[in-house]
2 protein chains.
Amino acid sequence: MSNPPLRRRVSPAIPPAAPRRVTIREVADLARVSIGTVSNVLNNPFLVAPVTRERVLGAIAETGFVRSTAAHQLRGGKSRSIGVVILDVANPFFTEMVRGAEQALRDEGYVLVLCSTDESAERERHYLRLLEEQRVAGVLITPAERELDALVALAGRGIPTVLLDREAGGHALCSVTVDDVRGGELAAAHLFELGHRRIAFVNGPSSIRQCVDRRRGARRAARQLGLVPDEAVVELTVPALTIEHGEQGTERLLQVTPRLDAVMCANDLLALGVLRGLATAGIKVPDEIAVVGYDDVAFASMLSPALTSVRQPKFELGVAAAELLLEESRSHAHEHREVRYEPELVVRASSQAAPHPRTAAASSARRRTQS
Amino acid sequence: MSNPPLRRRVSPAIPPAAPRRVTIREVADLARVSIGTVSNVLNNPFLVAPVTRERVLGAIAETGFVRSTAAHQLRGGKSRSIGVVILDVANPFFTEMVRGAEQALRDEGYVLVLCSTDESAERERHYLRLLEEQRVAGVLITPAERELDALVALAGRGIPTVLLDREAGGHALCSVTVDDVRGGELAAAHLFELGHRRIAFVNGPSSIRQCVDRRRGARRAARQLGLVPDEAVVELTVPALTIEHGEQGTERLLQVTPRLDAVMCANDLLALGVLRGLATAGIKVPDEIAVVGYDDVAFASMLSPALTSVRQPKFELGVAAAELLLEESRSHAHEHREVRYEPELVVRASSQAAPHPRTAAASSARRRTQS
DNA sequence: GTGAAAGCGCTAACAT
DNA sequence: ATGTTAGCGCTTTCAC
């Protein structure tokens with residue numbers, strides 16, 4: 001494994017001087033027309049005589065001219081980029097949503113400017129400012145910031161903004177969500193039904209709404225069974241919803257809570273970390289401890305053991321958000337809407353010793369509702 | 001599971017009229033200064049008297065003014081965005097690289113414009129054009145296009161371009177790569193050592209260089225053992241490196257190739273799909289068929305069975321690429337460099353029936369070489 | 001069908 | 001310390 005360092009050097013084909021940008025002016029000169037005509041072949045080709053058009057096209061090709069969005073936009077054109085602000089690029093839940101949004105937006109000629117805040121409100125503010133300076137045509141965002149005022153203001157300044165996986169709570173914004181309270185309830189209820197009476201909830205920071213809601217759901221499930229939430233659901237808060245924090249959290253959990261028979265995680269990344277931590281500690285899942293995750297990301301079903309999780313329609317969330325955004329950007333006299341999906345529990349091996357792991361809600365219809 | 005549709009309607013707080021953008025002019029008027037002064041508090045605050053500065057800042061806050069990147073850039077300012085073009089946002093390999101690049105670039109004040117081509121050369125061209133129109137400060141790209149000419153031209157037009165996970169092959173471009181031939185060789189050699197004499201290689205399209213190289217490596221491994229590559233390595237080509245195609249590919253594989261004892265996959269996503277397909281078909285891994293993946297993404301070690309894979313320094317690749325880009329954008333008299341990493345085989349349960357799955361190369365140093 | 005010219009919002013050089 | 005002004009590259013009337 002000790003390869004000698006590779007030495008390779010590519011001689012620069014371009015002279016050290018910074019290349020000057022080709023402008024419409026040079027194209028015009030080369031084609032011997034006015035810049036207005038060049039602009040026309042770019043924007044209204046049919047207004048230009050075929051011969052002239054060809055000449056101009058030739059000049060464009062020859063010079064390598066590429067029009068400047070800056071100048072275009074300044075002169076009144078609309079931007080073709082949409083800011084997408086998410087909590088974590090490394091989380092498949094978000095990337096699936098992004099894929100949905102991208103698919104819906106690409107056909108309309110938009111590019112996505114993807115910003116990952118890593119759950120930092122400060123970084124979120126930074127990115128939002130940059131996006132606004134760029135006059136993006138819209139913003140899709142899963143806020144890290146608890147307060148939505150800045151987003152309402154952003155929308156007020158003419159940048160259509162749609163909340164991704166976060167409800168507007170009375171604010172004048174469109175949103176696409178999944179019922180996280182219900183999801184948390186499904187997960188916890190499942191563990192209680194299995195007979196567990198004291199479950200650990202590995203959760204993220206309370207600044208993240210999803211975490212708060214899932215916790216509420218878990219406690220609701222406890223209450224409904226006549227249990228005392230504070231006793232039935234023991235919460236361990238980790239700084240971020242990542243594999244690493246799930247793994248580290250597990251160590252703390254095992255120290256603090258000696259007798260533990262079930263762990264519920266705020267998302268699948270944490271659950272993966274927890275599974276890892278438990279494996280390291282030599283604890284068998286589900287025989288000794290049951291584990292459930294949240295999101296049902298692609299790899300959940302193939303983990304060892306297969307992970308019980310709460311499924312969310314990730315791709316659809318992205319598509320729906322993109323559609324709301326397009327709608328909003330087309331008509332300013334638009335009423336804000338909240339699209340809401342229902343989560344679905346998918347039971348697998350990690351939460352049951354049963355020999356035949358099956359999908360509990362396999363045939364249940366996922367329901368999409370909106371107002 | 002049949003919840004009644006939610007009805008909720010948020011009344012618009014903003015009047016239907018499209019809000020007009022606040023310009024520097026209005027801020028100046030409100031603060032009773034000239035636009036030049038406003039510009040100065042924005043760009044050279046120290047040149048402005050504290051009293052005036054406060055007044056202007058107040059006016060900015062009051063009006064909600066946000067400077068236009070378009071006008072700024074037009075006037076000669078540099079863009080603060082960097083285009084990142086990857087093959088697939090849903091692939092953890094790429095998102096890890098992106099995270100590395102983001103971390104390195106964020107501190108310098110850049111935002112990433114993330115474009116996922118889904119391995120389509122056409123979409124790549126489309127995105128590159130948009131990025132160039134935006135005059136991005138640079139481009140990091142894993143090309144879907146086989147030819148690099150367009151990228152060399154792009155760099156020639158003044159947009160620093162760095163290849164991600166693709167070598168320049170004599171072209172005047174910087175690149176960051178991992179030795180994929182070696183990686184393919186490691187994976188195949190491992191299977192041959194296990195005694196398998198006929199392995200299936202589930203590979204992506206040959207337009208993707210990674211696929212070509214890994215294949216070459218596999219065939220080289222065969223040759224080194226005195227085997228006939230065409231017989232020892234049976235290739236199945238799937239349209240894209242995704243879980244879905246891995247799963248579908250497995251079905252075809254099982255029909256076409258009756259006696260099969262090992263499968264090597266061009267990446268972990270495919271391998272995950274293959275594992276799924278085999279599980280569906282009731283075939284035991286590794287007892288009946290051994291499986292190895294490529295990339296060693298985060299979930300590989302936790303799959304059932306844990307996946308043997310070829311590890312690549314994903315995050316570091318992103319960081320290194322970002323650094324090359326920054327270097328190139330700072331000095332135009334810059335010599336292109338090729339940074340190259342070595343891959344590392346990580347043996348786990350999916351390729352051995354051994355009771356104690358261990359990391360084979362756990363202690364081997366990852367070596368970074370560059371010219 | 002083509003050209004001339006105004007101006008988008010801003011920065012920077014120059015005046016005051 | 002602040003104001004004035006000339007463009008940056010383009011689109012878009014409006015003449016010709």
Side-chain angles (χ1 to χ4, degrees), chain A residues 18-57 59-60 63-80 129-130 132-136 157-159, chain B residues 18-57 59-60 63-80 129-130 132-136 157-159:
Chain A
R20 230 186 44 294
R21 264 285 155 194
V22 177
T23 76
I24 202 174
R25 176 80 266 160
E26 297 166 54
V27 176
D29 290 350
L30 182 60
R32 326 232 259 106
V33 294
S34 73
I35 59 168
T37 299
V38 177
S39 176
N40 271 335
V41 344
L42 251 30
N43 306 296
N44 311 86
F46 48 90
L47 287 185
V48 182
V51 222
T52 325
R53 196 193 312 156
E54 287 313 317
R55 199 145 34 91
V56 171
L57 255 16
I60 288 178
T63 54
F65 167 77
V66 176
R67 79 129 95 39
S68 153
T69 299
H72 175 75
Q73 226 174 277
L74 194 50
R75 189 47 209 176
K78 299 265 90 199
S79 158
R80 298 264 89 189
R129 158 158 286 269
L130 258 41
E132 188 173 3
E133 288 186 353
Q134 293 203 31
R135 302 289 188 265
V136 289
R157 270 178 251 120
I159 300 200
Chain B
R20 228 186 46 288
R21 263 288 156 192
V22 178
T23 76
I24 202 174
R25 180 73 268 160
E26 297 166 54
V27 175
D29 290 349
L30 182 59
R32 327 231 259 105
V33 294
S34 74
I35 59 168
T37 300
V38 176
S39 176
N40 271 336
V41 343
L42 252 30
N43 305 298
N44 309 85
F46 49 90
L47 287 186
V48 182
V51 221
T52 325
R53 196 194 311 155
E54 288 312 315
R55 198 146 34 92
V56 172
L57 254 16
I60 288 178
T63 53
F65 168 78
V66 175
R67 76 131 93 44
S68 154
T69 299
H72 174 77
Q73 224 174 278
L74 192 50
R75 187 50 201 162
K78 301 265 87 195
S79 158
R80 299 263 89 190
R129 157 157 288 269
L130 258 42
E132 188 173 3
E133 290 186 353
Q134 293 202 32
R135 303 288 189 265
V136 289
R157 270 178 251 119
I159 300 200

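Quick note on labels: first sequence line is chain A, next is B, and so on, each numbered from 1. Note: hydrogens, waters and symmetry copies are ignored here, and every other heavy atom, side chains too, is used.
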*Which heavy-atom pair separates B/Ala59 from B/Ala31 by the least distance, and what is that distance?*
CB-CB, 3.9 Å
*asked:* Please give me the minimum heavy-atom distance between B/Ala71 and A/Leu74, naming the atom from each residue.
replied: CB-CD1, 3.8 Å
*Contact boundaries on DNA chain C for chain B, cut-off under 4.0 Å to non-hydrogen atoms*: C/dG9 to C/dA12
*State which residues pass side chain to side chain donor-acceptor pair (under 3.5 Å) with A/Arg32; sequence neighbours excluded, sorted by chain then number.*
none
*B/Asn40 pairs by side-chain contact (heavy atoms from CB on, under 4.5 Å) with which of B/Leu42, B/Asn43, B/Val38, B/Asn44?*
B/Asn44
*Sorted by first residue and then second, give each salt bridge (Lys or Arg N to Asp or Glu O under 4.0 Å) pair with at least one member in residues 37-57 of chain B; sequence neighbours left out.*
none
*Heavy-atom pair of closest approach, residues A/Phe65 and A/Ile24*: CE1-N, 3.5 Å
*B/Thr63: partners by side chain to side chain donor-acceptor pair (under 3.5 Å), with sequence neighbours left out*: none
*Just jot down the side chain to side chain donor-acceptor pair (under 3.5 Å) partners of B/Glu132, sequence neighbours excluded, or say none.*
A/Arg21, B/Arg157
*asked:* Distance under 4.0 Å to a non-hydrogen atom of chain A counts as contact; along DNA chain D, which nucleotides mark the start and end?
replied: D/dG9 to D/dT12
*What does the inter-axis angle of the helix from C/dG1-D/dC16 to C/dT16-D/dA1 come out as, five pairs per end, nearest 10 degrees?*
40°
_DNA chain C contacts made by residues 21-31 of chain A, counting heavy atoms under 4.0 Å_ = none
*Could you pull out all residues at least two apart from A/Ser68 that satisfy side chain to side chain donor-acceptor pair (under 3.5 Å)?*
none
*asked:* Which residues in residues 38-48 of chain A have a heavy atom closer than 4.0 Å to any atom of DNA chain D?
replied: A/Ser39, A/Asn43
*Sequence-distant partners of A/Glu133, salt bridge (Lys or Arg N to Asp or Glu O under 4.0 Å), two or more places apart*: A/Arg129, B/Arg67
*asked:* Could you report the tightest heavy-atom contact between B/Val41 and B/Val48, atom names first, then the distance?
replied: N-CG2, 3.9 Å
*Over all atoms of both residues, closest heavy-atom pair of B/Arg135 and B/Gln73*: CB-NE2, 3.5 Å
*Does A/Arg25 have any salt bridge (Lys or Arg N to Asp or Glu O under 4.0 Å) partners at least two apart in sequence or in another chain, and if so, which?*
A/Asp29
*If each of B/Ser34 and B/Ala71 is mapped to the nucleotide of DNA chain D with the nearest heavy atom, which maps nearer the 5' terminus, i.e. the 5' end?*
B/Ser34
